[in-house]
Amino acid sequence: ARPTRRARPGGRAPVAAVLARFGGRDTARTQGEEFYFAAKIHLGDALFAAAKALGDGAVSAPIAQPDGIHLLVMSSNHRPRPYSYEEARTQVASDRQTDAVARYEAADAKFLHKRANILIAQDMR
């Protein structure tokens, strides 16, 4: 008897071929770029722990969950990085300026609203 070939974690088999072979389906729980905190909410703790360890183009080992067996395919993993001091300083200054402008505009609108004198023509009443 000839031994069957089994897919190994980290293998390069096309996802569609693996899904067809094992009768799986692409749930596409997350598509596109997603922040780590949002991915953790969508995937759950166990799947997120496996996902954050994956590199670009990697496939996880099978992960058993109450709803079935999962294979995670990582298209690209942009790990979060802290801002440098200069980046954070620039962002804080920009946010502070934006907030100040919004406060001034709101105060202006409030001032004008208080002093508005609306007259309605007699024939329009």
Side-chain angles (χ1 to χ4, degrees):
R2 190 172 164 195
T4 57
R5 259 185 104 139
R6 292 191 172 181
R8 287 177 288 182
R12 296 289 175 205
V15 175
V18 173
L19 292 175
R21 180 175 175 196
F22 295 104
R25 62 184 170 79
D26 184 0
T27 59
R29 283 191 186 176
T30 57
Q31 291 181 339
E33 223 171 289
E34 190 169 43
F35 290 112
Y36 265 42
F37 76 89
K40 187 173 186 177
I41 292 168
H42 293 135
L43 294 174
D45 292 335
L47 293 176
F48 176 72
K52 75 177 184 177
L54 294 175
D56 296 352
V59 178
S60 72
I63 304 164
Q65 293 286 295
D67 62 341
I69 305 293
H70 296 265
L71 289 175
L72 301 174
V73 179
M74 182 61 67
S75 55
S76 66
N77 188 353
H78 301 283
R79 290 174 174 84
R81 66 171 184 82
Y83 284 130
S84 69
Y85 175 78
E86 282 305 314
E87 290 171 323
R89 183 174 185 255
T90 303
Q91 185 65 45
V92 168
S94 174
D95 290 349
R96 187 171 181 205
Q97 183 177 7
T98 301
D99 185 54
V101 168
R103 279 194 322 256
Y104 288 129
E105 287 176 349
D108 239 5
K110 186 176 179 182
F111 173 81
L112 293 173
H113 182 73
K114 278 184 174 180
R115 281 153 183 82
N117 186 12
I118 300 171
L119 301 174
I120 300 173
Q122 284 292 77
D123 60 333
M124 299 301 279
R125 290 185 189 180

Do other residues, nucleotides or ligands put more than 12 heavy atoms under 6.0 Å from the CZ atom of R115?
yes
Within the supplied structure, the quantity of interest is the number of heavy atoms (other residues, nucleotides, ligands) at a distance under 6.0 Å from Q97 CD; does it exceed 12?
no
Looking only at heavy atoms, which two atoms of I69 and P62 are closest? And how far apart?
CG2-CB, 3.7 Å
Can you name the closest pair of heavy atoms from I63 and A50 and give their distance?
CD1-CB, 3.4 Å
How long is the straight-line distance from [atom2] of [Y] back to [atom1] of [X], given to the nearest 0.5 Å?
| X | Y | atom1 | atom2 | value |
| --- | --- | --- | --- | --- |
| H113 | D108 | NE2 | CG | 14.0 Å |
| L47 | L72 | CG | CG | 5.5 Å |
| E105 | K110 | CD | NZ | 16.0 Å |
| Q65 | L43 | CD | CG | 9.5 Å |

Donor-acceptor contact below 3.5 Å, side chain [X] vs main chain [Y]:
| X | Y | value |
| --- | --- | --- |
| N77 | D56 | no |
| H42 | A38 | yes |
| S94 | T90 | no |

R79 side chain reached by Y36 side chain, heavy atoms, under 4.5 Å:
yes
